[in-house]
Amino acid sequence: MPRLTIDGREVVCADGQTLLAALEAAGVGVPHLCHDARLQSYGSCRLCVVEVEGHARPVASCAEPAVEGMVVHTHTPALERLRRTNLQLLAVDYPAAAVEAEPQLPLHRLLTGYGIEVGGSVPTGATRFVDDTHPYLGVDMTRCIHCDRCVRICDEVQGQSVWQIWGRGPQTRIAPRVGQTLIESGCVACGACVDTCPSGALHDKRSVENAERWTRTTCVYCGVGCQMDVGTRDNRIVQIRPADAPVNRGHLCVKGRYAWEFVTAPDRVTTPMIRREGEWQPVSWDEALDFTAAQLRAIRDRAGPDAIGLLGSARATNEENYLMQKLARVALGTHNVDTCARVCHTPSAKALKDMLGTGAATNHFDDIEQAATILLCGCNPTECHPVVGARIKQAVRRGARLIVIDPRRIELADYAELHLALTPGTNVLLLNALAATIVEEGLVDAAYLSARVDDFDAFSAFIRDYAPERVAQRCGVGAGQIRAAARLYASHGPAMCFHGLGTTEHLQGAEGVMCLINLALLTGNLGRPGAGINPLRGQNNVQGGAHMGCDPATLPGGQSFQQGAPRCEAVWGRPLPARRGLNLMEMIDAAADGRLHALWAFGYDIYLTLANAQATAAALDKLDLLIVQDLYLNETAKAFGTVFLPAASWIERDGTFMNSDRRVQRIRKALDAPGQARPDWWILRELARRVGDGTGFDFASPQAIWDEVRAVWPGGAGLSYARLERENPHWPCPDEQHPGTPVLHIDRFAGFERAALRRIDHVPSPEQCDADFPLLLNTGRTLYHFNAGTMSARTPQTALQPTDVLDIGEEDAQRMGLVDGQTVRVISRHGAVELPLRVSATVKPGELFASFHDARRFVNRLTSPVRDRLVGTPEYKRTAVRVEKI
Ligand code: FES
């Protein structure tokens, strides 16, 4: 660690730091304009200059390494003159009005601080790019000072390379690389350029007021778990900025940074309501709670506790999900509790738990930069997990090799060495073919197999039937490509696998994940940095919801009944119910045939999001009681709700979320909830007290709930709220001194020494094309919207993507005489919807893709009743359809 003398004071700095970083760490401020810690050193503005004894001239501290023995002077008269001169040059044609209007901006503070008079004129003419067409980002390059931070951050962090430096000398200007406006430029509106701009040349159009208060919290959208600072004023959000946290390193995506208006949407429900004679009637909390509890008690007394089903929420906190499952098991006496993880990543949890012992990602996001090869299977990170997608792009630019397995040509396929565009529903075939190649060509890690893996001989004999040449035609990928991918994954390690719902939402979803685990076991890509099997969890707390015990088959902490029951029973003070519980899909079936009488969901639009909507509707319609706890009257509430309990949004309450890579992170209240809306934990607590005798529900705060979670979950015992204020270690973290576990299974698997390879045969989906339904529809998420659109559709995201569209290949469109933009009718064996058409090169002939964000389109009217064979997840990714002109 180098020792420096800074302005006469001895300072020890970290190895590898720049001089500027060392100065800042020592609390010595020097001005800078072209520097941003997220970017490579640039050294162009020369404001950060310092004198280093032995150097003939001042050096730019942002580009100079801190070296042992340096003697540094930071504010000599000569340096201050130099800084003043450099600022004066910038000020010559800088608009004075801008300084006056926004004195708080970094450039403006420096100009004022050094007493520099700005030119006062506004540069005009075609050379400066000005654009007001984007809903979020404003551009006024008359303020550009050519620090080039926007160009560099778009390139080095987001990887979009929207901005370009055009011209030379005085004609130099910054404008989009393509298109006439930002909208046309390929910009994904992550806001990084705005975040780094020191002059306001790039600015958040809606953030015209300064925040009174900033609150650090966790993003409410996907499962990456980005940290953010929310600026508030007069009980409103006025700006959101990325925080420099391990997960997102000062970066956000368009949804996290800009899509917050759902909090103040005009249709936000802020009063409890009961539906009487078909009409929603506002009532007091006491009336709503008493009514709901009385109905639940009556159903329990009449039909037994198993006539009631409860659903936790991937939108809600760990504490609230814990409370929901405790309410089910303790207050009501049923294991009928599940979450929406059932319809997305329960297959991942099942496969990882069964084969490796822990139902969660094996590695953490920082391993992206350690991986030599990255395998993406059925996930689209640049749209669905954009901050991770950006990190993968950067890793590939730095030399990591990328394999994409996806039916569509997703954006990252352009960065991939190999894109295996398989036919939807053939994951097991393809992944087995990769395994067959690895075994046949001797690419296995023999030492790892010998030390840690069972059943290799039986697996070798089994997998011969899946040689690439045997399966290539059925999965739609050439045998040569399959072999090349297997060789790359097996030979160029460490190899890190990410997968998503393109793997899990199939008849063989869990088995598909098991096939991925087979690949990692064969090649020793587990228990080491830069490797592993990593589900990219969809919603902000889908990992936490199930992990807190909202799963009929597991207790908090992902514990089996055998592991966890004694501990839970001791803490809860009563025995667990003896009968097996129903999962979400089984609850729907039970409702349909009259066995389930009540269903209670919070933060979850069941009707809109479950596959095969007609069957869902028929089941929900038979319920005696449907309790909906949400921000708005969602489609479930509108059509079938009995009671509506208005909830606080994520920014109106405290608690924790659990992200995809096993970090528990705080959310913090920054706003008061509107009207009578209450945090979910408060609503659950009040109902628990009314439904049972109240014992065990005397929680005064989310922290009190979390402390009980730590008592029943040994792997989370070290994650106290006090510690989460300072750091977010990965669980397992059994005590306060434990550093956390970023990589699982290093020496042994969770609970056992050796893992076994699984021999999994391909089973074709019953959902097949024929003459009436000749096309295969695949569904998924897109960049600008989130799941059912409950939040994102109540924001200006609708200007960027107004509705769902149906992607069709050019060849199919031409053959059917269809043109881009026309609305068509899509018909499956299960229903029909109308969608606008987009001719796209991303889908293959015979295949279609649609998102499911827009309740007006209701794409789940098309999807089928087919479910995963092991855990019941619907097969959203494969529906046979036809397309008709309207
Ligand atoms: Fe160092 Fe600009 S900040 S040269």
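Computed from a predicted structure; not experimentally measured. Counting starts at 1 for both ligands and their atoms, following the listed order. All residue numbers refer to positions in the sequence shown, counting from 1.
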> Can you list the ligand 1 atoms lying under 4.0 Å from a non-hydrogen atom of Gly43?
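Near Gly43, the atoms of ligand 1 are 4 (S).
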> Relative to the heavy atoms of Cys62, which atoms of ligand 1 are at a distance of less than 4.0 Å?
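Numbered from 1, ligand 1 contributes 1 (Fe), 3 (S), 4 (S).
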> Let's go through Arg38 and Glu156 carefully: what are the C-alpha distance in whole Å and the side-chain angles of both, what is the deciding distance for salt bridge (charged side-chain N to carboxylate O under 4.0 Å, His left out) to 0.1 Å, and is it a yes or a no?
CA-CA 8 Å; Arg38 294 167 288 189; Glu156 293 176 28; over 6 Å; no
> Atom 1 (Fe) of ligand 1 and His35: any N/O/S contact shorter than 2.8 Å?
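Short answer: no, not a single N, O or S atom is under the cut-off.
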> Check ligand 1 against Ser44 and write out every atom of the ligand that is under 4.0 Å from a heavy-atom position of the residue.
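The atoms of ligand 1 under 4.0 Å from a heavy atom of Ser44 are 4 (S).
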> Of all heavy-atom pairs between Tyr415 and Val396, which one has the smallest distance, and what is that distance?
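For Tyr415 versus Val396, the nearest heavy atoms are O-CG1, 3.5 Å.
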> What's the shortest heavy-atom distance between His108 and Val99, and which atoms?
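Here His108 and Val99 meet closest at ND1-CA, 3.6 Å.
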> Can you list the atoms of ligand 1 that are under 4.0 Å from a heavy atom of His32?
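Atoms satisfying the 4.0 Å criterion: 3 (S).
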> Show me which atoms of ligand 1 lie under 4.0 Å from any heavy atom of Leu33.
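Selected atoms, number and element: 3 (S).
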> Report the angle formed at atom 2 (Fe) of ligand 1 by atom SG of Cys45 and atom SG of Cys34, rounding to the nearest 10°.
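The two atoms form an angle at the metal of about 120°.
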> Over all heavy atoms of both residues, which pair between Cys384 and Arg781 is shortest? Give the atoms and the distance, please.
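For Cys384 versus Arg781, the nearest heavy atoms are O-NH2, 3.0 Å.
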> Salt bridge between Glu652 and Lys669, side-chain N to carboxylate O under 4.0 Å?
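No.
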> Would you sort out whether Tyr136 and Gln797 count as a side chain to side chain donor-acceptor pair (under 3.5 Å), showing the intermediate values?
CA-CA 9 Å; Tyr136 298 134; Gln797 298 289 102; 2.6 Å; yes
> I'd like to check which ligand 1 atoms, numbered from 1 as shown, lie under 4.0 Å from a non-hydrogen atom of Arg46.
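Those atoms are 2 (Fe), 4 (S).
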